[in-house]
Structure formats: C-alpha cells, structure tokens
Amino acid sequence: MKPAAVDFGRGTWVLRHRLLSLRVEVRTLLTTTVLLLLAVVMMLLTLGSGDFAVPVDRVVGTLMGDGTPQEYTVVVQWRLPRAVLAVLLGAALALSGAIFQSLTRNPLGSPDVVGFSAGSYTGALLVMLLAGGGYYATAAGALAGGVATAALVYLLAYRRGVQGFRLIVVGIGVSAMLGAVNTWLVLKANLDEALQAAVWGAGSLSGLEPEQLWPVLAIMAVLLPLTLAHGSAMRQLELGDDVAMATGVPGNAVRLTLVVLGVALTALATAAAGPIAFVSLVAPQIARRLTGTSGVGLLPSAALGAVLLALADFAAQRAFAPEQLPVGIMTVSLGGLYFIWLLVRASSRI
C-alpha cells in the first residue's frame with residue numbers, strides 16, 4: 001500500500017494486486033473509522049445506562065463473558081439486541097438514502113421523500129390490521145409495499161427515461177396519497193390494533209428482542225456487501241448513462257439493482273422498527289460534507305447513519321427517563337435541526 005502519485009489535492013492510498021486494485025481516499029477512510037468508533041461508543045453508553053446502571057468497563061467485561069449473572073441478563077439479554085439493531089437499522093436507512101440521492105442526483109431524493117418508506121408502512125399496516133401481523137409476515141408486507149410503491153413511482157415518472165426532479169415530485173405526491181391511506185387504515189381498525197399501529201408507526205426500537213435481531217443481522221449480511229459492491233457503478237451513473245456505458249457499466253441493469261437494494265434496505269428497517277424518518281435523508285449529506293467528496297459515499301453514509309440512530313435511540317431512552325419516547329420522534333427532531341441549519345446556511349449566501 002502506498003500513496004498514489006496523483007491525488008488532485010486529496011491524500012489517496014492505492015492497493016494494487018494482480019487481481020485487485022483498490023483506491024482509498026485518506027480523509028474518507030479516517031472519517032469512516034472515527035464514525036464507526038463513535039457508533040461503538042454509543043452502543044457502550046446505551047448498554048450501560050438505565051435504571052440498572054453498569055459502568056463501561058463492566059459492560060465490556062460482561063460482553064467478554066466476565067460479568068455477573070445479573071449484569072449478563074441486563075446488558076446482553078435486555079439491552080444488547082436494541083443497541084445492535086439501532087446501529088444496523090441506522091446503517092440500512094443511510095445506505096438506502098445514499099442510493100436514491102445518487103440515482104436522482106438530488107439531496108432530497110431519499111426514500112422518506114419519494115414515498116418508498118410510506119409504501120413500506122402501508123404494506124406492513126395491511127398485514128398487521130388485516131392478516132393479524134407477525135414479524136415475518138409484517139416484514140414481507142413492508143417489502144412488498146416498498147417494491148410496489150417504487151414500481152408505481154418509476155412508472156408515473158418515466159418519460160423516455162427517469163429524471164431525478166420528476167421522480168421526486170411524483171414521489172411526494174404518491175407519499176401524500178399513501179399517508180392518507182395509512183391514516184384511514186388506522187382509523188378503521190379497532191382500538192387495540194389502532195394503538196399498536198400508531199406506536200409502531202412512530203418508529204420505535206422499544207421491545208425488540210433477539211428474535212428480531214437475528215433476521216435483521218442475516219439480511220444485512222447479504223444486503224450490505226451487495227450494496228457496497230455496486231458503489232463504483234453507482235458513481236459512474238452519476239456522470240450520466242453515456243459515460244457509464246462507455247466505461248462498461250450497464251446503466252439500466254445497475255439502476256434497477258440499486259433500486260431493489262434501496263427498497264429492500266428501507267423495508268428491512270420499516271419491518272423491524274416502523275418508519276423512522278430523516279436518517280436516510282440527513283446521513284448521506286452530512287457524511288458527504290465530512291468527507292469532502294463531490295458525491296455521496298456508501299460506507300461513510302452507513303457509518304454516520306449508525307451513529308445518528310444510536311444517538312437518537314439513546315436520547316429517546318434517557319431524555320425523559322423513566323419515560324421512553326419512540327426513536328422516530330428524536331430523528332424527526334434531528335431532521336428539523338438539520339433543515340434549520342440548511343436554511344440559515346442558504347440565507348447567509350444571499
């Protein structure tokens with residue numbers, strides 16, 4: 001591994017092998033590493049805080065198998081699944097946001113805005129209220145709803161190709177319609193089902209157990225490497241289909257694959273914890289500013305998404321303790337602060 005001869009003002013490391021050539025920007029690598037460390041720190045703080053407080057050193061000892069039975073029960077059995085799910089689902093949402101912002105070439109092109117999250121919520125609601133729910137059935141409903149919404153939005157936005165601005169406008173309209181459908185479904189349900197759907201619809205990690213952790217972990221083990229493997233082709237598509245085709249990237253096939261991956265990531269998070277807003281919108285753009293790159297990066301976005309959702313879940317648990325808020329309320333608050341910062345930054349340029 002050695003510095004590249006030409007880095008255009010950015011420190012770059014290049015790893016060359018007979019079958020592999022890997023180019024890594026130093027700032028991106030350092031930023032991602034710091035964000036991953038912050039995610040670990042947030043997990044340790046979450047595992048140690050609560051009515052039964054556990055010092056960080058005892059948390060580490062318990063995770064290494066050196067804790068008391070009481071510490072093991074609290075840290076590993078009760079708190080660890082929620083902390084790990086916060087990191088995994090935050091990464092999934094951020095990856096999905098990075099994909100759609102890259103495909104639409106617009107910072108507003110996240111699944112929150114273009115309706116895919118609302119579609120996943122609709123599919124999950126239909127299963128919960130009409131078929132009796134169940135984790136795997138709800139997950140299948142969320143995936144089906146997200147895919148169906150994506151297909152509808154792309155069909156309505158297609159005019160000799162799909163432009164990012166048209167896709168976003170159509171997606172906003174579809175999202176508004178699905179929001180009305182979701183409200184109607186909740187109003188028509190009986191009281192117990194409506195309350196359950198309302199709490200779930202706010203986006204909550206409360207009550208998640210190992211039974212929900214293992215499926216999410218297994219699916220992320222498949223989706224994460226597949227998504228990262230398409231990172232280079234995704235960046236080529238940002239230059240336009242003609243340039244992508246000239247470099248050997250089949251534009252339509254790669255775009256379709258990325259859409260399926262993005263919808264699957266959104267549906268995974270929605271099925272596990274309900275619709276959690278703003279992480280997929282905010283994380284890619286903040287990560288892009290931290291790394292100083294011209295486009296969104298997949299790995300930095302995933303790392304920042306993990307930090308943001310872990311931080312939001314920690315705040316949801318401890319801000320008004322002993323009462324706990326749905327994590328979706330905290331992410332909406334963070335998203336609001338982000339939009340205020342954007343408005344202030346934009347007005348300062350005028």
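Position 1 is the first residue of the sequence, and the numbers go up from there.
Between A94 and G305 the shortest heavy-atom distance is CB-CA, 3.7 Å. Across every non-hydrogen atom of T266 and S117, the tightest pair is CG2-OG, 3.5 Å. The minimum heavy-atom distance linking L298 with L95 is given by the pair O-CD2, 3.4 Å. Shown here for I276 and A273, the closest heavy-atom pair between the two residues is CD1-CB, 3.9 Å. The nearest pair of heavy atoms linking L309 to A86 is CD2-O, 3.3 Å. For the residue pair A83 and M43, the shortest heavy atom distance occurs at O-CG, 4.1 Å.
Tested against V75 for a side chain to side chain contact (heavy atoms under 4.5 Å, CB included), the candidates L63, L80, V60 yield a single pass: L63. A side chain to side chain contact (heavy atoms under 4.5 Å, CB included) with S96 holds for exactly one of L258, L265, V279; it is L265. Across L261, I99, L237, a single residue satisfies side chain to side chain contact (heavy atoms under 4.5 Å, CB included) together with H230, and that is L261.
With contacts defined as side-chain heavy-atom distances shorter than 4.5 Å, the pair V54/F52 qualifies. For the pair P300/T28, a side-chain contact is recorded, criterion being any heavy-atom separation below 4.5 Å from C-beta on. Counting heavy atoms from C-beta on, the side chains of V153 and L167 come closer than 4.5 Å. Between E71 and R58 the shortest side-chain heavy-atom distance falls below 4.5 Å. Under the 4.5 Å side-chain criterion, counting only non-hydrogen atoms from C-beta, R318 is not in contact with Q324. At a threshold of 4.5 Å between non-hydrogen side-chain atoms, the residues V174 and L156 count as touching. Within the 4.5 Å cutoff, the side chain of L125 has heavy atoms near those of the V186 side chain. Between F116 and T270 the shortest side-chain heavy-atom distance does not fall below 4.5 Å.
One distance of note links OG1 of T46 with CG of L205; it measures 10.0 Å at 0.5 Å rounding. With values rounded to the nearest 0.5 angstrom, L185 atom CG is found 9.0 Å from Y121 atom OH. With values rounded to the nearest 0.5 angstrom, T122 atom OG1 is found 3.5 Å from N182 atom CG. Separating the CD atom in Q212 from the CG atom in L85 is a distance of 7.5 Å, to the nearest 0.5 Å. Note that CG of L35 is 9.5 Å distant from OG of S301, once rounded to the nearest 0.5 Å. Between R289 atom CZ and L304 atom CG the span is 12.0 Å, to the nearest 0.5 Å.
Cluster annotation: F320 is not connected to V332 through the hydrophobic network of ILVMFWY side chains, with a link wherever side-chain heavy atoms come within less than 4.5 Å. Under the 4.5 Å side-chain heavy-atom criterion for ILVMFWY residues, no single connected hydrophobic cluster contains both M330 and F278.
The number of heavy-atom neighbours closer than 6.0 Å to CG of N190, taken from other residues, nucleotides and ligands shown, is above 12.
Looking at Q101, its side chain does come within 3.5 Å of a backbone N or O of L281 through a donor-acceptor pair. A distance-only check finds a donor-acceptor pair linking the side chain of T291 to the backbone of R288 [under 3.5 Å].
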Notebook entry, point to check: Please walk me through it: do S206 and S204 pass side-chain hydrogen bond (donor to acceptor under 3.5 Å, both in side chains)?
Noted result: CA-CA 5 Å; S206 179; S204 177; 4.7 Å; no

Next item on the list: Test L88 against L217 for side-chain contact (heavy atoms from CB on, under 4.5 Å), laying out the working first.
Entry: CA-CA 7 Å; L88 290 176; L217 191 60; 3.7 Å; yes

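Evaluation of the side-chain hydrogen bond (donor to acceptor under 3.5 Å, both in side chains) rule for S102 yields E238 as partners, not counting sequence neighbours.
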